[in-house]
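Accompanying notes for the structure given below.
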Amino acid sequence: MAETYDPQAVEAAAQTFWSDTHAFEVTEDASKPSFYCLSMLPYPSGALHMGHVRNYTIGDVISRFQRMQGKNVLQPMGWDAFGLPAENAAIKNKTAPAKWTYANIEHMRGQFKRMGFAYDWSREFATCKPDYYVHEQRMFVRLMKQGLAYRKNSVVNWDPVDQTVLANEQVIDGRGWRTGAVVVKREIPQWFLKITDYAQELLDGLDDLPDWPEAVKSMQRHWIGRSEGLEIRFDVEGDEPLTVFTTRPDTLMGVTYVAIAAEHPLALKAAANNPELADFIESCKSGGVSEAELETQEKRGMATGLHAIHPVSGEKLPVWVANFVLMGYGTGAVMSVPGHDERDREFASINGLPVKMVVASPAVIDAIHELGHDVAAGAASDPMRAALHGSATDAYDKSSAVRVIEEFINRISDIEAYTEHGILVNSGPFDGMDFQQAFKAVAKHLEAEGKGCRKVNWRLRDWGVSRQRYWGCPIPVIYCDDCGAVPVPEDQLPVRLPEDVAFSGVKSPIKTDPEWRKTTCPECGKPAERETDTFDTFMESSWYYARYTSPGADTQVDKRADYWLPVDQYIGGIEHAILHLLYFRFYHKLLRDQGLVQSDEPVRNLLCQGMVIAETFYREDGDGARHWFNPAEVDVQRDERGRITGAVLKADGKPVEIGGIEKMSKSKNNGVDPQAMIDKYGADTVRLFSMFAAPPDQSLEWSEAGVEGMSRFLRRFWREVVTHAGQPDHPVVDPASLDANQKTLRRQLHETIRKVGDDYGRRHSFNTAIAALMELLNHVSKFDDMSDQGRAVRHEVLEAMVLMLDPVTPHTSHALWKVLGNAETLLEDVPWPAVDEKALERDAVTLAVQVNGKLRGTIEVPVAVDKDTAQTQAMALPAVQAFVEGKTVRKVIVVPGKIVNIVV
RNA sequence: GCCCGGGUGGCGGAAUCGGUAGACGCAGCGGACUUAAAAUCCGCAGAACGCAAGUUCAUGCGGGUUCGAGUCCCGCCCCGGGUACCA
């Protein structure tokens, strides 16, 4: 075997062995526990990027580790092949999206294999193939028949120049990215899946996912957004009544106006003979539809001239059109309480609408009582002012109670809304009630009058699955003038997307082709037209995990799924925390309700990895435009302490600006090509660095110097093993005859085995596992004992290290296993090294000694030392004496195995 | 705007349940080997003050709880992710 480490040769040999032996192809085996390890499937964007490398290395480490624990591990790979980038690339490269996509898949599959990932390639699929999406179409027509898929109008970004719908990403500062035209909102009919029918279950299910990150569960809870409130009817003078939803019925008596969406029927009616209002409503249409844009835009409004009637007081309230009220959410109308809601307050201030205080803080209520007044129903029309009336108003004589009330009144009327729960005032029959009491009383009052009812409201909206794009799965619907929207009969599926098309970029080829849509109605047989919209690509990625378990099945999934599902470990980017992971959970429940899977949730354990980031470098040209240089083109300069002082371009030696560390991207040209790294250092080094440089859930800063460090470690390890293998044969380890150094090294080994197993298996803390293995290498390379037992212990250490490194650097371990004298084999089928509890025992331990919580020294004590002895030894330290002398020892805290703290 | 994260030496990070802050690695400095370089090996290294022993300060900022806080609580600042048609 080679004396020096040659990663390219080592990796080729290991990969050939795995491929020849079909090492990672698995089938259902009832005799072994299954472990399904799944990484989010990639979009085939062209070439592997570092984000992929990181994601898939994490999955591979977990997969290989679990197989070494005796599990039957399924780790599949496939392609999320539909999507917008293929259309953009097709325009740019004058090719067809399908051709571009398939070429990318070919290239990226080769790169995956070069990384040595332990995939079962026999299960691979691409979601753009009819034999994949036919199942999705069949599911959709079934959902249509069950009423879980339905059609309604919904608002999109419309580019008036290209006459096309834009994705939110394609709207830059309210304008279309290609035309620069101001985008407008437009309503079009689209298909929806009723995810809201499952809102409660999706919310409750989060409680049954203990191994999901709290951040993800918390984000999903807020996204689903269950809220309890009242739906309240406001009559409108001379018109149809308005319905609003509120979670704050306690503030009902503080309503001073009603706001409705620009598209609300009442607004449109009012605008019919009010040209100014019509202009305003028209102006609300410009701009994109994304929530971030809607929520941050300037709040604008206009009075309709209509008046609503307050359901309790009968007061006349102006009805305003407001751009922040959205027709698509809730009822398209809100009751406005500027005294107790920030947004209503801001709008009222701008438009000169009145503010009414109806909730007071507990401190104010106390002050009112202190001044001898009451807030109970009917006590006073305005208990705050009643309390102030007759009290001293001169600045010098004000009591603190008066000041509390005045301050509150001033704050509400001049500065901000009081949004917390409190006690009702100025609310007639509801005066003196707290939030809970008021909620009940208002509900009872309105229900009795038929003007309102309790309602649970959800922030979650139904899933709009229509896209006006070409490169996606055709929606299997036929439109007939007589029969309406008819699902394509199952025996006519799949509806195939033509792949050999000319693609201009503006309109979908199946929309421009007059022939593709022509068909006949499945119900009446008359000429009819196909739907030319395609599915949201989240549809494909919502069920792919189940398809991997059932390759080749005629149905969407078959019985084999029961062996593998739910997924034991899912790995992917945190950017998918809400949308993908929520649709995916929803679709699993759809599959369950069709009888296709048995479980309620698709994934037991979720790991969200952070982004891969890198330094950026640029130069500005004359007009301020920045030209970005790749880190590979730049040399960084440092001072004598290692601080970065500047950077120069390698090509001309002249300085470039340092632009800060950002997510690797094409736009900042700071992407590091994994292929170049693999060619230079080998896959194992790249894998090792991406696992070592940061914990998996945090962002990872790429550093080629760091990669070199990993290469250095593998070369040192290789040399250590090869040198040891050149030594004469050794006897077996005899624990009873070991000397102190041998015992120490063995203890360090078994501590490492315990830590690495825990870090890989439970904590997913791969960086610390690798650090522990590096420490162990440092220990063993300093261990120069060449005796029989010395060599025996060293062999035990090195063999265990080969196995423990295998999940991260499988090629190197594969080769070194043979160097250590073993037959070539699949290391994942060699059992994980066992911890020898006896080897962990130690007889002395170091305690930290503190005085008043500050470290003053350490003491060596026997493991089983009693508190008094520890205390006496600690007190005897000169450094401790210096701080204790002349003071009284008040208390001594002894934490066994940790610290002694002397409090003086 | 709203929801969710993060902030520790020159840098990436460690400290797993409130108990010795800075493991491991990178960069740096000093040395060995070498004709030289590369590679490799040995050593130093948070900051300030001090000849030294050592002392003080230090985990984004300001408070608090505790014998003891990077870790828990309250209030801020900054950076990142998501925000329903990027995936």
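Below, all heavy atoms of this structure are taken into account, side chains as well, without hydrogens, waters or symmetry copies. Chain naming here is simple, since letters A, B, ... match the order of the sequence lines and numbering starts at 1 in each.
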request  = Not counting sequence neighbours, list each pair that qualifies as a side chain to side chain donor-acceptor pair (under 3.5 Å) and has a residue in residues 78-91 of chain A.
outcome  = A/Trp79-A/Glu124

ask   = Among the nucleotides B/G1, B/A87, B/A15, which one has an atom lying closest to any side-chain atom of A/Thr537?
value = B/A87

Close residues, residues 169-176 of chain A, relative to RNA chain B [heavy-atom separation under 4.0 Å] = A/Glu169

task = May I ask you to say what A/Ile893 touches in the nucleic acid, namely base, sugar-phosphate or nothing, with a heavy-atom cut-off under 4.0 Å?
result = base

ask   = side chain to side chain contact (heavy atoms under 4.5 Å, CB included) with A/Ala47: which residues, sequence neighbours excluded?
value = A/His107, A/Gln111

query = What is the distance, rounded to the nearest whole Å, between atom CG of A/Leu166 and atom P of B/C86?
reply = 11 Å

key: Residues which pass salt bridge (charged side-chain N to carboxylate O under 4.0 Å, His left out) with A/Lys299, listed by chain and number, not counting sequence neighbours   = none

task = Show your working on salt bridge (Lys or Arg N to Asp or Glu O under 4.0 Å) between A/Glu291 and A/Arg461 and close with a plain yes or no.
result = CA-CA 13 Å; A/Glu291 194 196 39; A/Arg461 312 198 301 263; 5.9 Å; no

ask   = Contact class for A/His580 vs. all strands (heavy atom < 4.0 Å): base, sugar-phosphate, or nothing?
value = nothing

message = Please classify the nucleic acid contact of A/Phe692 as base, sugar-phosphate, or nothing, using heavy-atom distances under 4.0 Å.
response = base

key: Nearest to side-chain heavy atoms of A/Glu775, which nucleotide of B/C26, B/U56, B/C24   = B/C24

inquiry  = Enumerate the salt bridge (charged side-chain N to carboxylate O under 4.0 Å, His left out) contacts for residues 895-904 of chain A, please, sequence neighbours excluded, ordered by first and then second residue.
reply    = none

ask   = Contact class for A/Lys217 (heavy atom, under 4.0 Å): base, sugar-phosphate, or nothing?
value = nothing

request  = Taking salt bridge (charged side-chain N to carboxylate O under 4.0 Å, His left out) as the test, write out the residues that go with A/Asp758, two or more places apart.
outcome  = A/Arg762

message = Students often get this wrong, so: under 4.0 angstrom with heavy atoms, is A/Met40 touching a base, only sugar-phosphate, or nothing?
response = nothing

query = Given the P atoms of B/G25 and B/A45, what is the spacing between them in whole Å?
reply = 16 Å

ask   = Taking the side chain of A/Glu701 as its heavy atoms from C-beta onward, which of B/G25, B/C4, B/C11 lies nearest to it?
value = B/C11

remark   = For nucleotides 39-45 of chain B, 5' to 3', base contacts (B), sugar-phosphate-only contacts (S) and non-contacts (-) with protein non-hydrogen atoms under 4.0 Å give SSS----

Spacing of A/Tyr583 atom OH relative to B/A87 atom C1', expressed in whole Å = 13 Å

note = Across all chains, not counting sequence neighbours, the ring pair (Phe, Tyr, Trp, His ring centres under 6.0 Å) partners of A/Phe883 are none

ask   = Does A/Asn767 have a side-chain nitrogen or oxygen under 4.0 Å from the phosphate oxygens OP1 or OP2 of B/A14?
value = yes

key: Proximity to RNA chain B (any heavy atom under 4.0 Å), residues of residues 894-904 of chain A only   = A/Val895, A/Lys898, A/Ile899, A/Asn901, A/Val903

message = Regarding A/Arg459, tell me which of base, sugar-phosphate or nothing describes its non-hydrogen contacts under 4.0 Å with the strands shown.
response = base

ask   = So what does A/Glu298 touch, heavy atoms closer than 4.0 Å: a base, only the sugar-phosphate, or nothing?
value = nothing

Which pairs would a plain distance check flag for residues 704-713 of chain A, meaning a side-chain donor or acceptor within less than 3.5 Å of a matching protein atom at least two apart in sequence or in another chain?
| unit_1 | atom_1 | unit_2 | atom_2 | d |
| --- | --- | --- | --- | --- |
| A/Glu704 | OE2 | A/Lys680 | NZ | 2.8 |
| A/Glu704 | OE2 | A/Tyr681 | OH | 2.8 |
| A/Glu708 | OE2 | A/Tyr681 | OH | 3.1 |
| A/Ser711 | OG | A/Arg715 | NH1 | 2.9 |

message = Please give the stem ranges for RNA chain B, sorted by first residue number, where a stem is three or more consecutive Watson-Crick or G-U pairs and both donor-acceptor distances are under 3.5 Å.
response = B:1-7 with B:77-83, B:10-12 with B:24-26, B:28-32 with B:40-44, B:46-49 with B:54-57, B:60-64 with B:72-76

message = So, using side chain to side chain donor-acceptor pair (under 3.5 Å) as the criterion, who are the partners of A/Arg719 when residues are at least two apart?
response = none

remark   = On RNA chain B, more 5' by nearest nucleotide between A/Ala693 and A/Met219 is A/Met219

